[in-house]
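To start, the structure under review is shown below, and the notes come after it.
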There are 2 protein chains.
Amino acid sequence: MDLELRLDAVIVAVTDGAPRLLGVSDPQRARWSLPSATLSDEATLDRAVRAAIEEQAGLEVRYVEQLYTFGDVARRSQDHRTVSIAYLALVQETELLVGAEWLGYYDLLPWEDHRSGTSPMIESTVEPLLISWAGQSDERLARVSVAFGDPFDGVRVLDRYELMYEAKLVEEWWADQRVAAESPVFGEPMHLDGRRIAATALGRIRGKLSYRPVVFDLLAESFTLLELQRCVEALAGVRLHKQNFRRLIERAGLVEGTGERASHGGRPAELFRYRPEVQLERSRLGVGQPYR
Amino acid sequence: MDLELRLDAVIVAVTDGAPRLLGVSDPQRARWSLPSATLSDEATLDRAVRAAIEEQAGLEVRYVEQLYTFGDVARRSQDHRTVSIAYLALVQETELLVGAEWLGYYDLLPWEDHRSGTSPMIESTVEPLLISWAGQSDERLARVSVAFGDPFDGVRVLDRYELMYEAKLVEEWWADQRVAAESPVFGEPMHLDGRRIAATALGRIRGKLSYRPVVFDLLAESFTLLELQRCVEALAGVRLHKQNFRRLIERAGLVEGTGERASHGGRPAELFRYRPEVQLERSRLGVGQPYR
DNA sequence: CGACTTATACTCAATCTGAGTATTTGCTCG
DNA sequence: CGAGCAAATACTCAGATTGAGTATAAGTCG
């Protein structure tokens, strides 16, 4: 079997309340792909990824982490296996080169955004379809109810995508069978495993949120507490309780005031900056989701 | 550059209070290696790993999970890169074929066992050496104090191994320089990255312990609550508070009594079995470390 | 029988969570 | 220029969770 090794990157940024990831367009196909590189001569994989991103996309990478290695026999060809090592990178949104564009995470995975409650579309359309797909199978029903159950469990992004795939509710399932979709499908599709990998990345970010200070790699140097909260909410896909969120942040000592203030209409808010020293104080670190 | 893709497995079992992993011996070398296979034709990587383990070691794999892909340029040869996809597998300890043996996890990583407090050897020997290695560097000092700080943070296994490596306190550092160790080194070494991968695996298990019922894949069908606790303690490397541990397990509904009892000297304890249905009740799942 | 060992039941204070209410403070518009 | 708005910040409170014990039960062993 033919074997190819690639590095794929999910490059994430958050701008005004929307998590986004970098998509590259291939004129050949109508789909967006993840930026991808072949393995270079760099000594470590992490460095190879950083180099590829900074070179190809001109982005300053604030954080990189290996996500997962996908190596299933490519569904669209039987005698060829592409093993792709997927990475997550966090950046701040900037202008992009042609051929690349910021895609809205929740355009790809609309069922992941619960910031204004469970969207009616999901509740009235997707869930019934999933349940009817599950049919008599207790195992399937259990999976659906765990993944889509209430309260919303942000981390199970991949579980949900896998279910959508198996239930033929995403374009990619039909593409893998080489037929046009014969029933409704949801969310913007991507090339090959792109969306599955993006789902893995979102799940990982959500998981990390509560115990590692990842948000700060997505924010500007200084920010108000509300901006910080909105950024967390954008990623977590749920709304948080403002007062409690502040209590948490302050108790953890994650930020310090700059003395300056920003005004957005209401009472001006103090600007804060991240205090990297907390890393040494080994407390909770991170801005937990617990706070509804 | 020459490229090779391998699947490496950390196969873990826990027997009478000791976490162990499977080592295979290579007559060529004096070191233990991790069991390893080349990528087979199986459709998915997970399946390839399962098949390789069940075939080669004759073990029934209860749980498999991809750990990490290691692809740094092999330190011992410059023109060759081995990319190894490492997997974690949980099994129950059984008789092994020749050439394979159960290695004590804490023989490899003695500084990870805090069940009887911080071992005096670590406190009086390893820590001073780390601090003297850190010297004036604030960054190094910070890393040491976070990784080895008090209270013991079980999850940071890899951080600790990396520090030990950089500080030349493990055999592998010297081996990578192709010289004999010129200063004291700690723990049983393994071939190449074996111990680094084992460290990654232990960190992953410890992390999962608190939110996924992984212990049950290591235990027999029925067990007493103390056995369960000892198994968790063996993995977590810390002692837990018995009464609180029970409270947690029962509150979570993870187990159910079998009606039978086992006696080990004191008052006979009830035997319990795992209740897989909890997975559907989406509660905490897992037996948290919080309980000291 | 009595000492010992382990199991199991209960208690309690401190802290953490989730959900509010109340009060400031600058801005804007009539 | 003052009323009302929008958001920030301060404070409260009940209920759950934690960490750490004490007390009692039920077998085994000499």
Side-chain angles (χ1 to χ4, degrees), chain A residues 16-17 114 117 150-154 209-211 222-233 236 238-272 283-292, chain B residues 16-17 114 117 150-154 209-211 222-233 236 238-272 283-292:
Chain A
D16 38 67
H114 285 236
D150 191 69
F152 176 61
D153 184 349
L209 228 38
S210 33
Y211 64 97
S222 69
F223 44 82
T224 67
L225 292 182
L226 188 58
E227 283 165 358
L228 173 60
Q229 181 180 343
R230 291 287 179 250
C231 183
V232 172
E233 288 175 337
V238 290
R239 283 229 164 282
L240 305 174
H241 183 284
K242 188 160 161 179
Q243 294 89 326
N244 292 345
F245 179 78
R246 282 149 176 275
R247 176 172 63 189
L248 174 71
I249 298 296
E250 291 180 349
R251 180 161 33 101
L254 284 167
V255 299
E256 63 190 0
T258 62
E260 289 173 274
R261 26 198 73 247
S263 67
H264 292 70
R267 170 175 170 178
E270 183 165 12
L271 284 169
F272 289 81
S283 44
R284 232 325 171 299
L285 301 180
V287 287
Q289 331 224 35
Y291 290 87
R292 271 195 287 174
Chain B
D16 40 66
H114 285 236
D150 192 68
F152 177 61
D153 184 348
L209 227 37
S210 33
Y211 64 97
S222 69
F223 45 82
T224 67
L225 292 182
L226 188 58
E227 283 164 359
L228 173 60
Q229 181 180 343
R230 291 285 180 252
C231 183
V232 172
E233 289 175 336
V238 289
R239 284 228 165 283
L240 305 174
H241 183 285
K242 189 160 161 179
Q243 294 89 328
N244 292 344
F245 179 79
R246 282 148 176 274
R247 175 173 63 190
L248 175 71
I249 299 296
E250 292 180 348
R251 180 163 31 103
L254 285 167
V255 298
E256 64 191 359
T258 63
E260 290 174 273
R261 26 198 74 246
S263 67
H264 292 70
R267 169 176 171 178
E270 183 164 10
L271 283 168
F272 290 82
S283 45
R284 228 331 168 296
L285 302 179
V287 286
Q289 331 224 36
Y291 291 87
R292 270 195 288 175

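In the text below, chain A, chain B and the rest are named by the order of the sequence lines, each starting its count at 1.
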Smallest heavy-atom separation, S222(B) atom then T258(B) atom, equals CB-CG2, 4.4 Å

Rounded to the nearest 0.5 Å, what separation is found between the [atom1] atom of [X] and the [atom2] atom of [Y]?
X: N244(B); Y: R246(B); atom1: CG; atom2: CZ; value: 11.5 Å
X: H241(B); Y: Q229(B); atom1: NE2; atom2: CD; value: 9.5 Å
X: E250(B); Y: R247(B); atom1: CD; atom2: CZ; value: 11.0 Å
X: D16(B); Y: C231(B); atom1: CG; atom2: SG; value: 11.0 Å

Query raised in the report: Heavy atoms, side chains only, cut-off 4.5 Å: are L228(B) and F272(B) in contact?
Result: no

Requested in this report: Kindly indicate whether the side chain of F245(B), heavy atoms from C-beta on, has any atom under 4.5 Å from the side chain of L225(B).
Outcome: no

Next on the checklist: Show, in sequence, the C-alpha distance, side-chain angles and deciding distance for E227(A) and R230(A), and conclude whether the salt bridge (charged side-chain N to carboxylate O under 4.0 Å, His left out) test is met.
Outcome noted: CA-CA 5 Å; E227(A) 283 165 358; R230(A) 291 287 179 250; over 6 Å; no

Identify all pairs in which a protein N or O lies below 3.5 Å from an N or O of nucleotides 10-15 of chain D, and state each distance.
unit_1, atom_1, unit_2, atom_2, d
dA10(D), N6, Q243(A), NE2, 3.4

Using whole Å, report how far [atom1] of [X] lies from [atom2] of [N].
X: L226(B); N: dT8(C); atom1: CG; atom2: C1'; value: 12 Å
X: F245(B); N: dG21(D); atom1: CZ; atom2: P; value: 19 Å
X: L225(B); N: dT5(C); atom1: CG; atom2: P; value: 21 Å
X: R251(B); N: dA16(D); atom1: CZ; atom2: C1'; value: 9 Å
X: R239(B); N: dA20(D); atom1: CZ; atom2: C1'; value: 17 Å
X: L271(A); N: dA8(D); atom1: CG; atom2: P; value: 11 Å
X: Q229(A); N: dT9(D); atom1: CD; atom2: P; value: 12 Å
X: L228(A); N: dT9(D); atom1: CG; atom2: P; value: 12 Å

> Is any side-chain nitrogen or oxygen of K242(A) closer than 4.0 Å to OP1 or OP2 of dA7(D)?
Replying inline: no

Does R246(B) have a side-chain nitrogen or oxygen under 4.0 Å from the phosphate oxygens OP1 or OP2 of dT6(C)?
no

Salt bridge (Lys or Arg N to Asp or Glu O under 4.0 Å) pairs touching residues 256-272 of chain B, sequence neighbours excluded, are E256(B)-R273(B)

Using the 3.5 Å cut-off, write out each protein N or O paired with an N or O of nucleotides 26-30 of chain D and the distance between them.
unit_1, atom_1, unit_2, atom_2, d
dA26(D), O4', R267(B), NE, 3.2
dT28(D), O4', G265(B), O, 3.2

